[in-house]
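Please read the structure below before turning to the comments.
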Amino acid sequence: MTIDLSLLETAAAKWEEAAKKFEAVQKVYDSQVKSVGLDGSWSGQAQFIARPDMQLTGEQFTAAPKEARAVASVLRDAHSQFVELRGKVKSAVADAVKAGMKVSAEGRATYDFSKVSEQKAFSLKHDPDLHDTELSWTRHIEAAVQAVNDADEGVKLALKAAVQDPDLLDGAVNGFNGKAEGDIEKVEGKEAEELATKINSGEKLSGKEMAEFQRLFRDNEHNKVFSQTFLDGLGPKATIELNNKFNSLAKDDDKKDFAALQKGVATSLATATKSPSDPFYKKWHDGLRKVGTENFGRTGESLYGYQSFVNLVTHGKGYGKQFLFDVGNDLIALEKKDGTDRWQTGEGHSRDSTDPLDDLLGIMGKQPEVATEFLDPGVNGDNDHLRYVLHDRNWPKVVMQTADGDIYYEDNPDSRRGLGPALEAAATGNVPGGDHTLGYHTDAEARVMHDSLTYLDEDRKGAGLHHNLRANLGRMIVDYTPEVHEILTGTGSYTEPGVWNEGTDDPKNAHMSVPKETLTRIMRGVAEDGKAFGEMYEAEKFYAAGTLSRTDFHNPADRAAAIEGASHVFGFYDGISSDIARDKKDDAESWANHAQTAEFVATGGMQAGASAAKGQPTGFITDTAYRILYAATYDWKEDQIAQAGQAAAQDTEYHFTTGQKQVNHLVAGWAQENGYGQESGLSRHLVGSGQERYDSARNEALIYLK
């Protein structure tokens, strides 16, 4: 921490000076010695013997300044890196101290009780999380120190490579290196390539080599020069072979090491392909296209290049948009030409066989803006990616074999695991599973949502939604709860299917609508997953409270419309619950138990019942709405379970009534918020006033689901 790093710059200047001196001596040698031996004025046996030595000496004089300048460059690079990394160590220590820690000379962080009161110190010493807090700061400092050590090893590697005799057979003992490289990251990239090649050739890395390979990736995690040098040296084919080796070698005690290497290569790939304008990018992309359809599997098995390559990509993150688009476009074009049979799994295929397009969609799902742009049909419907994956694509099957050797095909239970997250990210703008910002979408997101619902319900198939899409579609519907509410109540613009924008300056003010029957069938398909159904129901409960809170309670017409609207929506939900009970019968109670685990989380900062909501844009959930929810405490989940049990015990069709009870409680809470207690005449009049609309909606839902 106290070393004078400026000495590296001083040393670099000396090496630069040495290079100039070598060049000066070379000029004298060339003009006064070498020229005499080579200009033809000297002949005979002595000249014949001296000529090779003079040629070698001339070459050494040429190599010497190159080596000296390479060393100077490495030292300057080292100075720059060490200054930056030492600053990060100091910053890490300062952050720990600011958080109340004291840091030992070895970098260990412990709480500094001398800076707090005796009472606070006593409390902290008995805090069960204290040790974890101290450990996290220690590791934060250790990571900063490790980065310095990693960089130091890189400098040593580059210096050693710069002064290494490049040709032990040229007659020059410990000769100068005319090919010396002054870029530390290029040297490290070549070292990584050599270690990767060793693995590909079937050799086992020593413990020291394994540690060095991991260090190279750790030290150059986001360095483009290293990443492109490494991957350019390997090329796409050897990179695919390397990933296959990783997958086969990552077992038992070696699993952690090879998983780290796999992540390192994937991260390098993300870094190297960030800039499509780089010459490296086109060369590598063209190479990938050539080997993507090659079979890398063992004898009798298939494992195609794209399968292994995209598998490698799943171990990284932060990929450039154009890179993901290019790979996705290539895969779709290939499938349209040749079909998807090569991506099948099971009999005759490697155990590492996967669906590369599905995997790639899953990667896009972690980058919502990329997923949206890739799947957005566009204003004029020019992009068919969404239609392809939801309508046109023949999803790969699992190849099975009977005891008699007959081949048959089954649907892949792992199918669409990537598609679901991609749809969710594209339609909501959120990372899948994250918090929700209701009714806040761009035109592109709304187009993805609209067309997804439309394609999935083609030929009235929405209720048969694929099991791996249910949770994601459920969260998409939660995100579009305002639209769902308006579609089901059949109000205003939402009576006509389509996508539109309110025309404000806000880029996220788009809306969409689909036919009620389409939405109902999709919701029924989602509802096969009890938890997903519960999340939709919870979101509607919050939104319904919001609609009441924004309605003029003292205007009878507005009041009636709000109550009837909420009743209508919850009628649809109970129609779906009733259909679930009819189909599942004995499993209905188990389904309801899953619904009980649901929680609704929206962005912003308040609590309501068991569900957390952290704020809400454009006033969908107001302070008044929260007070209505508090006043309207009703455990619909327990009631859902009870009614599911009754449904299972009945021989005839059973109709849930949970939704109308929910509306009644909300209305009672709304009346209370406006000064009318439960025993007041107006409150009693309003409770149950939406029953007719509720019954109508429930029956309508059941008709759609026949």
Side-chain angles (χ1 to χ4, degrees), residues 5-82 151-198 208-209 212 216 220 225-226 228-230 232-234 279:
L5 294 174
S6 66
L7 294 175
L8 291 168
E9 286 284 7
T10 302
K14 293 291 186 182
W15 278 96
E16 188 66 44
E17 184 181 336
K20 293 177 181 178
K21 289 181 178 180
F22 276 125
E23 288 172 337
V25 174
Q26 181 185 21
K27 288 181 180 179
V28 174
Y29 182 80
D30 286 349
S31 64
Q32 299 184 22
V33 179
K34 187 177 178 181
S35 63
V36 174
L38 302 178
D39 64 3
S41 59
W42 183 25
S43 60
Q45 186 68 23
Q47 189 272 346
F48 179 77
I49 295 173
R51 184 182 180 111
D53 289 339
M54 295 172 71
Q55 183 70 32
L56 181 60
T57 302
E59 291 172 356
Q60 288 296 293
F61 274 126
T62 300
K66 292 182 179 179
E67 179 180 307
R69 286 200 170 90
V71 172
S73 177
V74 169
L75 292 174
R76 289 195 187 96
D77 195 356
H79 175 262
S80 177
Q81 288 188 35
F82 288 149
D152 186 47
E153 290 298 321
V155 173
K156 291 178 184 176
L157 178 67
L159 287 173
K160 183 178 179 181
V163 300
Q164 192 169 14
D165 188 342
D167 188 352
L168 299 177
L169 302 177
D170 63 359
V173 180
N174 296 323
F176 291 108
N177 188 355
K179 299 178 181 178
E181 177 57 65
D183 190 319
I184 296 174
E185 286 71 29
K186 283 188 178 180
V187 174
E188 290 185 303
K190 291 175 182 176
E191 176 78 359
E193 179 198 344
E194 290 177 9
L195 292 170
T197 302
K198 189 171 183 179
K208 184 177 180 181
E209 288 173 323
E212 172 64 2
L216 290 168
N220 296 281
V225 173
F226 166 85
Q228 291 190 349
T229 300
F230 165 61
D232 190 46
L234 272 186

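Quick caveat: nothing in here was measured; it's all calculated off a predicted structure. Just so you know, these numbers use all the heavy atoms, side chains as well, and skip hydrogens, waters and symmetry mates. When a residue number appears, it is its place in the shown sequence, counting from 1.
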Measuring from [X]:[atom1] to [Y]:[atom2], what's the distance to the nearest 0.5 Å?
X      : Y      : atom1 : atom2 : answer
Thr57  : Glu59  : OG1   : CD    : 9.0 Å
Glu188 : Glu181 : CD    : CD    : 11.5 Å
Leu75  : Glu16  : CG    : CD    : 11.0 Å
Glu191 : Phe226 : CD    : CZ    : 9.5 Å
Leu159 : Ile184 : CG    : CD1   : 7.5 Å

Salt-bridge criterion met for Glu194 and Lys190 (N-O under 4.0 Å):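 Result for this pair is no, no salt bridge flagged.
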
Side-chain ion pair, Glu23 and Arg69, N-O less than 4.0 Å: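 Between Arg69 and Glu23 there is a salt bridge, with a charged N closer than 4.0 Å to a carboxylate O.
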
Please confirm whether the backbone N or O of [Y] pairs with a side-chain atom of [X], one donor and one acceptor, at under 3.5 Å?
X      : Y      : answer
Ser73  : Gly182 : yes
Asn177 : Val163 : no
Gln60  : Gly175 : no
Asn220 : Leu216 : yes
Thr62  : Gly58  : yes

Looking at every heavy atom in both [X] and [Y], which two are closest together, and how far apart are they?
X      : Y      : answer
Ala158 : Val187 : CA-CG1, 3.9 Å
Glu212 : Leu157 : OE2-CD2, 4.0 Å
Ala162 : Glu67  : O-CG, 3.3 Å

Worked verdict on Lys20 versus Glu17 for salt bridge (charged side-chain N to carboxylate O under 4.0 Å, His left out): CA-CA 5 Å; Lys20 293 177 181 178; Glu17 184 181 336; over 6 Å; no

Pairs touching residues 58-82 that satisfy ring pair (Phe, Tyr, Trp, His ring centres under 6.0 Å), sequence neighbours left out: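 Those involving residues 58-82 are Tyr29-Phe61.
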
Lys198 NZ: over 12 foreign heavy atoms closer than 6.0 Å: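 Atom NZ in Lys198 is packed in, count exceeds 12.
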
